[in-house]
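Input: a single structure, listed below in structure tokens.
When a ligand or atom number is given, it counts from 1 through the structure's own listing order. Since the structure is predicted, the reported quantities are computational estimates derived from the model, not experimental observations.
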Amino acid sequence: MSPLRKKLIAGNWKMNKTSADGVALVQEIVAAAGKQTEVDVVVCPPFTALESVGRVLEGSGVRLGAQNVHPEASGAYTGEISVGMLRALFASYVILGHSERRSYFQESDSFINQKVIASLKGQLKPILCVGETLGQREAGETLRVVQTQLEAGLEGVGKDQIASVVIAYEPVWAIGTGKVATTEQAQQVHAFIRSLLTKSYGENAAEKVRILYGGSMKPANAPELLAQRDIDGGLIGGASLESRSFLELVAAASAVR
Ligand code: PGA
């Protein structure tokens, strides 16, 4: 484990949990993990639960994140939410470029990049997701796809800003499928991502960036993944919807030495 990087476990609730359900879940998380400082813990509820969940998190070490944001500060963008609106609810992270946004909502690399830039400007830490589809992996295009998404997503991000960015490597074929990347497959891509960051930002800066793995991470497979040199935590979908599995993942991250 790198002494420069604290492990991070982030729950991506996706389109699950009402405000009341979210409060109940996060009360259990705060009770069990709200005081520990070994692992950074983030929950990303849907927009409708941000305020109520945020209230439960007050005074605890658990941070609030959103699942998306619009790059403009305000205006005629029906259905959208700005960085300022999220900051007003004390969100400190935002998931950007998730493969579900890329595929179901046609989000392009350049639109995602605008969101990254706007988030950093507004003191919101982006969790930038990258990852290949099964077809791309089978065609041997994994590294090319990841490189394109990473470089386009980070265009214009300065050396002084990169430590505030979190990268999530999420192979699309492993999301919600129960198929997890092998530790070797994951570590290979994570190391590749770090090498690209090193080229762009230098070794010191690149060593500070957290690179999360996402895609069917659960208590059974987490310890091995989290023990890899370049895997600094997890972006958790399914297993973040119940306190027991999510807390087991937090415990797995704090057990890695
Ligand atoms: P999963 O989702 O853990 O349910 O595979 C991860 C994600 O999409 O962030």
Side-chain angles (χ1 to χ4, degrees), residues 7-17 21-22 25-26 29 39-47 49-50 53 62-69 91 93-107 112 115-116 119 124-134 136-137 142 145-146 149-150 153 165-183 185-186 189-190 193 210-226 228 231-253:
K7 290 262 194 286
L8 192 162
I9 296 291
N12 174 11
W13 295 2
K14 307 193 180 183
M15 197 172 73
N16 294 291
K17 308 281 178 194
D21 292 342
L25 171 57
V26 90
I29 293 169
V39 179
D40 284 341
V41 179
V42 179
V43 291
C44 303
F47 291 133
L50 280 173
V53 165
V62 179
R63 296 278 168 264
L64 187 65
Q67 298 175 20
N68 189 22
V69 75
Y93 289 84
V94 61
I95 299 170
L96 296 177
H98 191 281
S99 65
E100 287 149 19
R101 302 279 337 157
R102 292 176 188 266
S103 66
Y104 304 147
F105 303 98
Q106 289 78 45
E107 286 197 10
I112 294 161
K115 298 176 187 218
V116 170
S119 298
L124 205 50
K125 295 185 172 82
I127 301 176
L128 172 65
C129 304
V130 298
E132 81 288 0
T133 63
L134 185 57
Q136 289 165 334
R137 174 163 282 270
T142 298
V145 168
V146 166
Q149 292 177 347
L150 186 82
V165 176
V166 176
I167 306 295
Y169 169 56
E170 300 206 307
V172 178
W173 48 272
I175 295 177
T177 57
K179 275 188 213 150
V180 66
T182 65
T183 46
Q185 284 171 330
V189 179
H190 282 236
I193 291 171
R210 273 133 7 138
I211 308 175
L212 313 183
Y213 170 79
S216 299
M217 197 192 252
K218 42 185 179 283
N221 57 36
E224 210 188 320
L225 286 162
L226 293 170
Q228 302 303 304
I231 302 185
D232 306 309
L235 181 56
I236 320 296
S240 74
L241 297 175
E242 282 181 24
S243 60
R244 200 169 70 128
S245 43
F246 188 65
L247 289 166
E248 280 177 31
L249 290 166
V250 174

So which atom in [X] and which in [Y] form the shortest heavy-atom distance, rounded to 0.1 Å?
X      : Y      : answer
Pro171 : Gly214 : CD-O, 3.3 Å
Ile231 : Ala186 : CD1-CB, 3.8 Å
Glu132 : Trp173 : OE2-NE1, 2.9 Å
Pro223 : Ala252 : CG-CB, 4.4 Å

With the threshold set at under 4.0 angstrom, would you say [X] reaches ligand 1 through any of its heavy atoms?
X      : answer
Ala239 : no
Lys218 : no
Ala168 : no

Does any N/O atom on Thr177 come nearer than 3.5 Å to any N/O atom on ligand 1?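 Min N/O separation from ligand 1 is not below 3.5 Å for Thr177.
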Please indicate whether any nitrogen or oxygen in Gly214 is less than 3.5 Å from any nitrogen or oxygen in ligand 1.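 Between Gly214 and ligand 1 (N or O atoms, distance only) the closest approach is not under 3.5 Å.
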Has the side chain of Gln185 got a donor or acceptor atom that lies under 3.5 Å from a matching backbone atom of Thr182?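 Checking the backbone N and O of Thr182 against the side chain of Gln185, a donor-acceptor pair under 3.5 Å is found.
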Going by atom types only, do Gln136 and Thr133 share a side-chain donor-acceptor pair under 3.5 Å?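 There is such a pair (donor and acceptor under 3.5 Å, judged by atom type) between the side chains of Gln136 and Thr133.
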Atoms in ligand 1 with a heavy atom of [X] nearer than 4.0 Å:
X      : value
Ala174 : 5 (O)
Asn12  : 9 (O)
Gly215 : 5 (O)
Gly176 : 1 (P), 4 (O), 5 (O)

Regarding Arg102 and Glu107, does a basic nitrogen lie under 4.0 Å from an acidic carboxylate oxygen?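 No, no charged N to carboxylate O under 4.0 Å.
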Tell me which protein heavy atom sits closest to [atom], plus the residue, atom name and distance to 0.1 Å.
atom                   : value
atom 7 (C) of ligand 1 : Glu170 OE2, 3.2 Å
atom 4 (O) of ligand 1 : Gly238 N, 2.8 Å
atom 3 (O) of ligand 1 : Gly237 N, 2.9 Å

Among Ile193, Leu235, Asp232, which one satisfies side chain to side chain contact (heavy atoms under 4.5 Å, CB included) with Ile167?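 Single side chain to side chain contact (heavy atoms under 4.5 Å, CB included) partner of Ile167 among Ile193, Leu235, Asp232: Ile193.
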Which option, Met217, Glu100, His98, owns the non-hydrogen atom nearest atom 8 (O) of ligand 1?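 Residue with the shortest heavy-atom distance to the ligand atom: His98.
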How far apart are the C-alpha atoms of Trp13 and Gln67, what are their side-chain angles, what is the distance that settles it, and do they pass the side-chain hydrogen bond (donor to acceptor under 3.5 Å, both in side chains) test? CA-CA 8 Å; Trp13 295 2; Gln67 298 175 20; over 6 Å; no
